[in-house]
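Only one structure is covered here, and it is reproduced in the block below.
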Amino acid sequence: LHPPLRLAPDGRVDRARLDDRDVHAPRRQLDTERLRHRLERELRHRVGAEERQRRATGDRPDQDDPAGAAAERGQVRLLGAVAVFAEGPIGLCATAGARLAGASLVIGVDSNPRRLEFAKRMGADVVLNFKEQDVVAEIKRLTGGGVDVAIEALGLQSTFENCLRALRPGGTLSSLGVYSSDLSLPLGPFLAGLGDHTIVTTLCPGGKERMRRLMSVIESGRVDLGPLVTHRFRLDNIEAAYELFSHQRDGVLKVAITP
């Protein structure tokens, strides 16, 4: 019998250490070596292709679906109560995510009547205009003490604080907002640290399998995100699209750019 092939630390065959008998090693060992190298090449090619695709599309693995992840990170449970503060595009998708997760009561909060109407289409049972009423008091009245999960989808101290105020003891604040200044924890809503609250932030778990599952939800008709695209622009007119969106005119929610 011939001695086995010797491998260098990097896993390759160490040709310098083969003796005369190694040259005639069994064919099956050489076939195994070739197979290993082929699998390594295929893996490198596949990983490289996925990375090139992410760079070309601007996708990042942790940002595929921040809004849907808000419901997941908040651990929305079957028959739970959820409040979504700020019904912009992200908040609207979070509303849909809460409904898909099985929440029995979804409350949307905003001041824009058009967005509140969209929140109903995305699955909100109740919508509240914070300019017209004390939304925290109404949420506590509707839920008998507070929601299980409050989703912050704007990035302001005021919405963060209202999320805390709307929680029941032991509830979870799931924060999606991107904040531009320091946050503070008000003593009252935080219940002096004794409320057993959980505060989580998230972007999103990524990957092809997750994206496949998300696309299957859309294909099955469980949620219709088409109405979120309210305006369309050609690429050569993208400055006008940014100007429209930045000033939030004409009821804009999402802008689609085409070549």
Side-chain angles (χ1 to χ4, degrees), residues 45-73 84-101 106 108-124 127 151-156 159 174-181 201-259:
H45 175 75
R46 185 174 302 175
V47 172
E50 292 179 2
E51 179 62 23
R52 287 192 296 273
Q53 182 179 7
R54 283 197 296 267
R55 290 178 180 176
T57 60
D59 287 342
R60 287 169 54 184
D62 60 348
Q63 289 185 312
D64 291 337
D65 170 39
E72 295 177 38
R73 286 283 285 147
V84 180
F85 283 78
E87 292 287 357
I90 290 179
L92 290 169
C93 290
T95 298
R99 172 59 68 201
L100 289 171
V106 180
V109 179
D110 206 286
S111 64
N112 186 313
R114 179 177 172 81
R115 293 190 172 191
L116 290 174
E117 187 60 35
F118 263 99
K120 290 182 180 179
R121 295 174 66 177
M122 291 294 106
V127 293
I151 297 175
E152 203 285 343
L154 186 58
L156 295 177
T159 50
S174 181
S175 177
L176 281 174
V178 179
Y179 303 92
S180 58
S181 60
T201 62
T202 189
L203 287 176
C204 178
K208 290 196 304 181
E209 176 59 20
R210 179 180 176 80
M211 183 57 68
R212 184 193 67 78
R213 292 173 182 268
L214 291 173
M215 294 305 296
S216 70
V217 171
I218 303 235
E219 290 172 357
S220 68
R222 295 290 302 279
V223 61
D224 181 12
L225 300 180
L228 294 181
V229 180
T230 55
H231 295 74
R232 298 177 184 272
F233 285 82
R234 297 293 298 271
L235 183 59
D236 56 6
N237 203 23
I238 193 170
E239 291 183 2
Y242 271 107
E243 196 272 340
L244 171 73
F245 189 80
S246 64
H247 291 88
Q248 289 294 294
R249 292 199 302 266
D250 195 28
V252 63
L253 286 174
K254 276 288 189 181
V255 177
I257 305 296
T258 56

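These values consider heavy atoms only, across backbone and side chains, with no hydrogens, waters or symmetry-generated copies.
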Side-chain donor-acceptor distances from residues 232-242 under 3.5 Å, at least two apart:
residue : atom : partner : partner atom : Å
R234    : NE   : P259    : O            : 2.5
R234    : NH2  : P259    : O            : 2.9

Treating E152 as the side-chain partner and G155 as the backbone partner, does any N or O pair qualify as donor plus acceptor under 3.5 Å? yes
Tell me whether R115 forms a cation-pi arrangement with F118, defined as NZ or CZ under 6.0 Å from the six-membered ring centre and within 45 degrees of its axis. no
With distance as the sole test, does Q248 use its side chain to make a donor-acceptor pair with the main-chain N or O of F245 at under 3.5 Å? yes
Give a yes or no answer on whether the side chain of D224 reaches the backbone of G226 with a donor-acceptor pair at less than 3.5 Å. yes
Rounding to 0.5 Å, atoms CG (L176) and OG1 (T159) come to a distance of 11.0 Å
If you look only at distance, which donor and acceptor atoms sit under 3.5 Å apart when one is on a side chain in residues 86-99 and the other is two or more places apart or in another chain?
residue : atom : partner : partner atom : Å
E87     : OE1  : L92     : N            : 3.3
E87     : OE1  : T95     : OG1          : 3.1
E87     : OE2  : T95     : OG1          : 2.8
T95     : OG1  : G91     : O            : 2.9
R99     : NE   : G123    : O            : 3.2
R99     : NH1  : A103    : O            : 2.8
R99     : NH2  : G123    : O            : 2.9
R99     : NH2  : D125    : OD1          : 2.6
R99     : NH2  : D125    : OD2          : 2.4

Do L244 and D250 touch side chain to side chain, with heavy atoms closer than 4.5 Å? yes
For the residue pair V217 and L100, establish whether any side-chain heavy-atom pair is separated by less than 4.5 Å. yes
CG-OG distance between L156 and S181, expressed to the nearest 0.5 angstrom: 8.0 Å
Can you name the closest pair of heavy atoms from G108 and A124 and give their distance? N-CB, 4.2 Å
Side-chain touch R121/L228, heavy atoms, less than 4.5 angstrom: no
One should read off an interatomic distance between M215 CE and S220 OG, to the nearest 0.5 angstrom, of 11.0 Å
Between E209 and R212, does any NZ, NE, NH1 or NH2 come within less than 4.0 Å of an OD or OE carboxylate oxygen? yes
Stepwise side chain to side chain contact (heavy atoms under 4.5 Å, CB included) test for K254 and H231: CA-CA 7 Å; K254 276 288 189 181; H231 295 74; over 6 Å; no
